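Given the structure is predicted, the values throughout are model-derived calculations rather than measurements.
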Amino acid sequence: MLVTTTHLEQTDPAQLVPGSRPLPDDAAVVPVRQISPEFSKFLYRSVGSSWNWGDRLVLTRSEWEQVLRAPGSETWVLYTGGAPAGYVELLGRPAEAGTDVEIMYFGLFPEAIGRGLGGALLAEGIRQAWQLDGRWDRFPPVRRVWVHTCSLDGPAAVANYQARGMSVFKTEVEEAEPQDAAAGLWPETAAV
């Protein structure tokens, strides 16, 4: 199957366009300090299972934890009515010219889609990405926030990123097979 991957970026925090709707009173976007691999995987599967996210499902618990403990790695969770409804995972990569922050994962739980939450969650995720250097020692100022999404993701993904002020800087088309997002909890225990 042909899959189109679209890469988008912002190079200035002034490019951020807030969502058209504020979060409801019972909603909040909260950072998760010291997130466990189990909670991270719950978020990943809850959002990504509908979109064939499978790249991390081959990781062992130890490998997943290593990703989460990398300097510059942050997870921000959207809660509505006290329950998780979506999340943003960021990864800052410092370099001499400045810090690049990638939006590694972003999305809503299936029951949260269509409720006007995606724009506000993405805007908050981008805002936090621009401020990431202030939360990590020895990270130079953020110079770019970027993301890539593909045609297997939600149909509104590219439009939502563009509505938040991100611009396309690269598009690729390649032959790919969707990954199976239905693997067991942890690969090393799947055969037990």
Side-chain angles (χ1 to χ4, degrees), residues 2-23 27-32 40 43-44 46-48 50-53 55-56 67 70-78 80 84-110 112-136 139-174 176:
L2 284 178
V3 175
T4 302
T5 301
T6 304
H7 302 255
L8 302 100
E9 68 181 351
Q10 284 183 355
T11 55
D12 189 301
Q15 295 170 326
L16 175 59
V17 177
S20 59
R21 293 191 227 174
L23 287 174
V29 180
V30 179
V32 182
S40 177
L43 296 169
Y44 177 92
S46 295
V47 169
S50 297
W51 314 116
N52 295 303
W53 290 5
D55 57 316
R56 280 211 182 152
V67 169
S73 177
E74 297 183 351
T75 302
W76 294 78
V77 177
L78 167 66
T80 59
Y87 81 114
V88 178
E89 184 178 318
L90 306 174
L91 180 59
R93 295 182 180 99
E96 278 187 40
T99 299
D100 284 355
V101 180
E102 181 178 1
I103 300 170
M104 299 294 294
Y105 298 98
F106 159 77
L108 298 171
F109 285 28
I113 294 172
R115 294 177 40 203
L117 300 169
L121 173 58
L122 181 57
E124 182 62 16
I126 293 171
R127 189 175 75 77
Q128 293 300 333
W130 279 111
Q131 298 173 2
L132 186 136
D133 59 292
R135 294 185 296 273
W136 291 90
F139 271 48
V142 174
R143 68 180 184 130
R144 179 172 84 127
V145 175
W146 73 281
V147 66
H148 69 271
T149 185
C150 76
S151 54
L152 297 174
D153 282 338
V158 172
N160 192 10
Y161 291 122
Q162 289 177 317
R164 302 292 73 76
M166 300 190 93
S167 300
V168 174
F169 70 91
K170 181 168 73 170
T171 303
E172 304 167 297
V173 178
E174 64 183 353

Q. What are the two closest heavy atoms between Arg93 and Met104, and how far apart are they?
A. NH2-SD, 4.0 Å

Q: Kindly state each residue pair satisfying salt bridge (Lys or Arg N to Asp or Glu O under 4.0 Å) with at least one member in residues 5-18, sequence neighbours excluded.
A: Glu9-Arg144

(Q) In the structure I gave you, are the side-chain heavy atoms of Arg56 and Val67 within less than 4.5 Å of one another anywhere? (A) yes

Q) Mind checking whether Tyr105 and Trp53 have parallel, tilted or perpendicular rings, split at 30° and 60°? A) tilted

Q) Closest heavy-atom contact between Pro155 and Trp51? A) CD-CH2, 3.9 Å

Q) Partners of Thr149 by side-chain hydrogen bond (donor to acceptor under 3.5 Å, both in side chains), sequence neighbours excluded? A) Asp153

Q.
Less than 4.5 Å apart, side chain to side chain, heavy atoms only: is that true for Leu121 and Val29?
A. yes

**Q.** Partners meeting salt bridge (Lys or Arg N to Asp or Glu O under 4.0 Å) with Arg127 (sequence neighbours left out)
**A.** Glu124

Q. Sub-3.5 Å donor-acceptor pair from the side chain of Thr75 to the main-chain atoms of Val32, do we have one?
A. no

Q.
Is there a side-chain contact between Ile103 and Leu122 in this structure, where contact means two heavy atoms from C-beta onward sitting under 4.5 Å apart?
A. yes

Q. With sequence neighbours excluded, what pairs up with Thr80 under the side-chain hydrogen bond (donor to acceptor under 3.5 Å, both in side chains) test?
A. none

Q. Is a side-chain N or O of Thr6 found less than 3.5 angstrom from the main chain of Thr171, in a donor-acceptor match?
A. no

Q | Residues forming a salt bridge (Lys or Arg N to Asp or Glu O under 4.0 Å) with Arg115, sequence neighbours excluded | A | none

Q.
Holding to side-chain hydrogen bond (donor to acceptor under 3.5 Å, both in side chains), I want the full list of residues that pass it with Trp76, two or more places apart in sequence or in another chain.
A. Glu74

Q: Can you label the angle between the Trp146 ring and the His7 ring as parallel, tilted or perpendicular, going by 30° and 60°?
A: parallel

**Q.** Nearest non-hydrogen partners of Ala123 and Pro18, listed with the distance
**A.** CB-CA, 4.0 Å

Q. Out of Val101, Asp100, Asp133, which one pairs with Arg143 under the side-chain contact (heavy atoms from CB on, under 4.5 Å) rule?
A. Asp100

